[in-house]
Amino acid sequence: MRLSSYFLPVMKETPADAQIVSHKLMLRAGLVRQTAAGIYAWLPLGLRVLRKIEQVVREEQDKAGAIELLMPTIQSADLWRQSGRYDAYGPEMLRFPDRHAREMLFGPTNEEMITTIFRDAAKSYRDLPRTLYHIQWKFRDEVRPRFGVMRGREFLMKDAYSFDLDEEGLRRSYEAMFVAYLRTFARLGLQAVPVRAPTGPIGGDLSHEFHILADTGESALFYDSAIEDISREELLAADASTIARLTGLYAMEEEEHGKVKDCPVPAERLRSRRGIEVGHIFAFGTKYSAAMGLIVQTKEGGQVHPQMGSYGIGVSRLVGGIIEASHDENGIVWPDGVAPFEVGLINMRADDPACAAAADRLYADLRGAGVETLYDDRDERGGAKFATMDLIGLPWQLIVGPKGIERGVVELKRRATGEREELSLESALARLTG
RNA sequence: CGGGGAGUGGCGCAGCCUGGUAGCGCAUCUGCUUUGGGAGCAGAGGGUCGCAGGUUCGAAUCCUGUCUCCCCGACCA
């Protein structure tokens with residue numbers, strides 16, 4: 001993409017409404033614009049990040065055996081009356097009538113809907129186990145939206161729902177999602193801490209929250225520092241033993257930690273950090289299958305309500321969360337795999353024919369090699385281009401200047417470390433396409 | 001929902017107390033000079049001051065109402 005014809009409205013100054021660093025940077029870097037309290041438009045660069053995260057989440061869900069579908073955002077009140085949650089949910093649910101005065105709502109979650117869909121199709125133990133998921137916009141009319149996309153009212157969520165014949169099956173489905181979550185967050189370059197969660201109103205007895213560590217997080221966590229010793233490689237290859245190891249280590253949210261009389265973690269290993277909740281998994285048994293009349297026939301000819309679980313990841317929240325966890329004074333530092341473009345190609349002198357020709361050729365070669373490249377071909381001074389590139393945080397900057405071109409070299413800069421290296425055009429290309 | 005703060009060109013702000021034809025920085029446009037870390041000079045465009053009502057000869061400014069946004073607390077991906 002040529003920056004001269006892209007839509008990237010960056011700001012030098014921070015809008016007064018933004019308080020936390022991720023919100024400030026998302027506005028400044030032209031990722032989002034606010035349109036109402038807790039509601040955001042995703043600009044081109046922000047959308048690319050959102051899609052990248054979504055894709056990592058999707059790949060790991062698929063790998064875990066979950067099957068993607070897509071349910072609507074608008075649901076009917078009658079559906080929610082079947083589970084009794086229409087009255088129970090409260091003002092966080094946005095309700096409105098359609099033209100025929102039917103009571104509708106903008107879905108805050110999809111347990112009821114997926115349960116009826118599955119109920120009407122699955123009749124036999126042969127139809128189990130299944131885990132279905134979708135990545136879809138939710139609306140929760142938060143009392144107090146804040147911190148940009150971290151606590152928006154409209155947000156993109158991956159929600160998965162598992163159906164199993166018995167509790168043993170549910171445990172397996174739950175673990176499969178647990179593994180998928182560990183891998184997902186590791187792939188996103190995040191250190192995630194699974195915290196055993198009080199199950200709250202959704203019910204059930206098995207539930208974990210996944211928090212990513214960031215100083216501006218809304219939750220206070222206490223955990224065994226041994227959790228930090230688990231390497232990214234191990235998390236990327238997570239399996240049931242990883243879960244056993246992780247869940248064997250102490251990790252609590254402040255409130256729960258406060259109730260603990262004798263903390264088993266020695267003081268020197270007890271970490272107190274802040275976290276952002278980006279995932280939450282529940283096993284809640286037959287709560288919805290019973291309420292919604294989901295029944296399957298067993299091999300022996302009996303009838304059972306399937307055991308269910310639900311598994312959420314806040315996809316749009318992750319955009320803010322990743323920035324909270326990865327930025328510096330100059331702007332965002334995107335982890336590889338999440339960045340909106342892999343390479344920012346800077347032509348230092350748009351008016352220098354040799355320089356422009358070299359940059360044009362590099363751009364064509366990078367594109368030809370399938371490297372996502374944002375090419376700053378604008379007629380701006382170098383300083384402005386550096387500042388913009390640092391702000392938007394692409395992992396690699398490839399700098400083409402007239403002095404270097406005379407000597408046949410370009411400069412490759414790693415955003416995360418600031419390391420720079422002079423390379424011939426060929427070896428720079430080889431590095432970025434390799 | 002309780003408490004606090006704020007609405008003035010795209011962004012950041014001043015002006016309001018003490019009414020008198022709306023100003024600064026950044027950004028934008030034009031020209032010239034510049035060109036490896038957000039350039040300089042000269043010129044230009046852009047705002048019925050959130051909205052409605054009132055007071056007044058006259059309202060961004062005073063009064064009333066209303067809407068919106070932000071922050072702190074209780075809840076959540």
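The sequence lines fix the lettering, A, B, ..., with proteins before strands; numbering per chain opens at 1. Keep in mind that this is a model prediction, so the values were computed, not measured.
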List the steps and the verdict of side-chain hydrogen bond (donor to acceptor under 3.5 Å, both in side chains) for A:Q61 and A:R58.
CA-CA 5 Å; A:Q61 291 292 298; A:R58 175 176 289 117; over 6 Å; no
Evaluate salt bridge (charged side-chain N to carboxylate O under 4.0 Å, His left out) for A:R81 paired with A:E103, printing each intermediate quantity in order.
CA-CA 11 Å; A:R81 289 205 173 92; A:E103 296 170 272; 2.8 Å; yes
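Residue side chain A:R28 reaches the base of B:rG38 through a donor-acceptor N/O pair under 3.5 Å, judged by distance alone. Between the side chain of A:R140 and the base of B:rC76, no donor-acceptor pair of N or O atoms lies under 3.5 Å.
Taking atom C1' on both nucleotides, B:rU56 is separated from B:rU66 by 23 Å, rounded to a whole Å. Distance noted for atom P between B:rG38 and B:rA44: 28 Å (whole Å). Annotation: B:rC26 and B:rA39 have their P atoms spaced 11 Å apart (nearest Å). Comparing B:rG12 with B:rC70, their C1' atoms sit 16 Å apart, to the nearest whole Å. Taking atom C1' in both B:rC32 and B:rC24, the straight-line distance is 26 Å, to the nearest Å. With both ends at atom C1', the span from B:rG25 to B:rC72 equals 31 Å, rounded to whole Å. Using C1' as the reference atom, B:rU61 and B:rG43 are 33 Å apart when rounded to the nearest Å. Comparing B:rG15 with B:rG23, their C1' atoms are spaced 7 Å from each other, to the whole Å.
Judged as a salt bridge (Lys or Arg N to Asp or Glu O under 4.0 Å), the pairs with a partner in residues 169-185 of chain A (not counting sequence neighbours) are, in order, A:E60-A:R183, A:E168-A:R171, A:E168-A:R172, A:R171-A:E175.
In this structure, A:F386 does not pack face-to-face on the six-membered ring of B:rG38, missing the 5.5 Å centre cutoff or the 30° plane limit.
Under the side chain to side chain donor-acceptor pair (under 3.5 Å) rule, A:Y223 has a single partner from A:R271, A:H257, A:E228, A:E253, which is A:E228. The side-chain contact (heavy atoms from CB on, under 4.5 Å) with A:Y311 is formed by just one residue from the set A:Y161, A:Y133, A:F282, A:Y174; it is A:Y174. Only one option out of A:K413, A:R414, A:R431 pairs with A:E421 in a side chain to side chain donor-acceptor pair (under 3.5 Å); it is A:R431.
Shown here, B:rA74 forms no base pair; nothing in the strands shown gives a Watson-Crick or G-U wobble contact with both key distances under 3.5 Å. With a cut-off of 3.5 Å on both Watson-Crick or G-U wobble distances, the partner of B:rC26 is given as B:rG10. Look at B:rG46: it lacks any Watson-Crick or wobble partner with both distances under 3.5 angstrom. In this entry B:rG19 has no Watson-Crick or G-U wobble partner, no candidate having both defining distances under 3.5 Å. Figure legend. B:rC41 is base-paired to B:rG31; pairs are counted as Watson-Crick or G-U wobble with both atom distances under 3.5 Å. Of the nucleotides present, B:rA52 is the one that pairs with B:rU64 by Watson-Crick or G-U wobble criteria, both distances under 3.5 Å.
At the heavy-atom level, A:F139 lies nowhere under 4.0 Å from the strands shown. Residue A:Q34 is in sugar-phosphate contact alone, with no base atom involved, counting any heavy-atom pair closer than 4.0 Å across all strands shown. Within the nucleic acid shown, A:G152 comes within 4.0 Å of at least one base atom, counting heavy atoms only.
In this structure the side chain of A:F147 never reaches within 4.5 angstrom of the side chain of A:T216, judged on heavy atoms.
In this structure, A:Q19 and A:G382 both approach RNA chain B, and ranking their closest nucleotides by distance from the 5' end singles out A:G382. Nearer the 5' end of RNA chain B, as judged by each residue's closest nucleotide, is the contact made by A:G401, out of A:R317 and A:G401.
Distances were taken from every side-chain heavy atom of A:K12 (C-beta onward) to each of B:rA77, B:rG38, B:rA39; the shortest belongs to B:rG38. The A:T388 side chain lies nearest to B:rG38 when the options are B:rG36, B:rU35, B:rG38.
Between A:H208 and A:F178, the ring planes are perpendicular. Angles over 60° get that label, and only those under 30° would be called parallel. Taking the six-membered ring where tryptophan is involved, the planes of A:Y375 and A:Y363 are tilted, since the angle between them lies from 30° to 60°.
If you check the side chains of A:T286 and A:S289, you find no donor sitting under 3.5 Å from an acceptor.
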For every nucleotide of nucleotides 1-11 of chain B, 5' to 3': is a protein heavy atom under 4.0 Å from its base (B), only from its sugar-phosphate (S), or from neither (-)?
B---------B
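Contacts between residues 335-361 of chain A and RNA chain B, defined by a heavy-atom separation below 4.0 Å, involve A:M348, A:R349, A:D351, listed by number.
Separating the CD1 atom of A:I399 from the C1' atom of B:rU35 is a distance of 15 Å, rounded to the nearest angstrom. Across the protein-nucleic acid pair, A:R378 atom CZ and B:rG38 atom P stand 14 Å apart, rounded to whole Å.
Electrostatic pairing of A:D141 and A:R153 counts as a salt bridge here, judged by a charged N lying under 4.0 Å from a carboxylate O.
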